[in-house]
Amino acid sequence: MTSVVQNFFFDCADAYELGRFWSGVVGKPMADDDRPGDPETIIVMDNGVTLFFGQVPEPKTVKNRIHLCLQPDIPRDEEVERLLKLGATLLHDRRNPDGTGWAVLGDPEGNEFCVLRSAAEKAATS
């Protein structure tokens with residue numbers, strides 16, 4: 001017997017706004033019935049896994065112990081710029097002059113996530 005990952009749950013102060021940000025990141029819509037002020041919102045990914053945003057009363061206080069790593073289909077640096085325009089913050093720049101590495105970003109509520117190289121960039125430097 002095994003378990004299957006059903007969703008990734010994000011504790012947050014504003015479920016709708018954080019869901020709206022991540023909808024822009026992953027290019028998938030929020031659920032049709034999600035509205036501003038809702039205490040919970042979801043985004044269903046093509047693979048069936050759900051990004052679930054749930055309002056909690058306490059603020060984020062420490063570094064995430066688990067985070068998402070994103071591999072864009074466009075060059076990494078272009079994706080980082082796109083995400084910054086959506087409202088992300090660059091927390092740690094781990095990109096190297098030879099094109100390897102990654103960027104650690106924070107979403108609007110400070111949850112860390114990484115942007116890796118695209119598959120094409122990785123193949124070109126392997």
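Just the heavy atoms: all of them, side chains too, but no hydrogens, waters or symmetry mates, feed the values below. Residue numbers start at 1 and run along the sequence shown.
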Can you confirm whether E58 is buried at CD, in the sense that more than 12 heavy atoms of other residues, nucleotides or ligands lie under 6.0 Å from that atom?
yes
To the nearest 0.5 Å, what is the distance between CG on L51 and NZ on K28?
11.0 Å
Here the gap from Q71 atom CD to S118 atom OG, rounded to the nearest 0.5 Å, amounts to 7.0 Å
Between CG of D107 and CG of L83, what distance do you get to the nearest 0.5 Å?
10.5 Å
Any side-chain heavy atom of Y16 sitting closer than 4.5 Å to one from M30?
yes
Sidechain N-carboxylate O distance under 4.0 Å for E112, R65
no
State, to 0.1 Å, how close A15 and T41 come at their nearest heavy-atom pair, and which atoms those are.
O-OG1, 2.9 Å
Same apolar cluster (I L V M F W Y, side chains within < 4.5 Å links), V80/L68
yes
Atom pair OG1 (T50) and CD1 (I43), whose distance is rounded to the nearest 0.5 Å:
9.5 Å
Would F10 end up clustered with V26 when hydrophobic side chains under 4.5 Å apart are linked, directly or stepwise?
yes
Indicate the atoms forming the closest heavy-atom contact of S23 with P29, along with that distance.
OG-CA, 3.7 Å
Nearest heavy-atom neighbours spanning E79 and V25:
OE2-O, 4.3 Å
If you measure from the Lys or Arg side-chain nitrogens to the Asp or Glu carboxylate oxygens, is any gap between E17 and R20 under 4.0 Å?
yes
Closest non-hydrogen atom pair, G110 against N64:
O-OD1, 4.5 Å
Taking all non-hydrogen atoms of both residues into account, name the closest pair between P72 and L116 and its distance.
CD-O, 3.2 Å
So, are K60 and D11 salt-bridged, with charged N and O less than 4.0 Å apart?
no
Pairwise distance CD(E121) to CD(E78) - rounded to 0.5 angstrom
8.5 Å
Is any side-chain heavy atom of V56 closer than 4.5 Å to a side-chain heavy atom of C12?
no
Is there a chain of hydrophobic side chains (I, L, V, M, F, W, Y, each step under 4.5 Å between heavy atoms) that links L90 to W102?
no
Would you call V115 and L105 a side-chain contact if the rule is heavy atoms closer than 4.5 Å?
yes
Considering only Ile, Leu, Val, Met, Phe, Trp and Tyr, and joining two whenever side-chain heavy atoms are under 4.5 Å apart, list the other residues clustered with F9.
I42, V44, F52
If you group Ile, Leu, Val, Met, Phe, Trp and Tyr by side-chain heavy-atom gaps below 4.5 Å, do M45 and L86 land in one group?
yes
How would you list, by chain and number, every residue that makes a ring-ring contact (aromatic ring centres under 6.0 Å, His included) with F8, sequence neighbours excluded?
none
For L70 against W22, the heavy-atom pair lying closest together
CD1-CZ3, 4.3 Å
Contact check, side chains of Q55 and E40, non-hydrogen atoms, under 4.5 Å
no
Within the distance-only criterion (no hydrogens, no angle test), does the side chain of N96 pair as donor or acceptor with the backbone N or O of D98 below 3.5 angstrom?
no
Do any N or O atoms from the side chain of R76 and from the backbone of G99 form a donor-acceptor pair under 3.5 angstrom?
yes
Give, for atom CD of E109 and atom CG of D14, the distance between the pair rounded to the nearest 0.5 Å.
6.5 Å
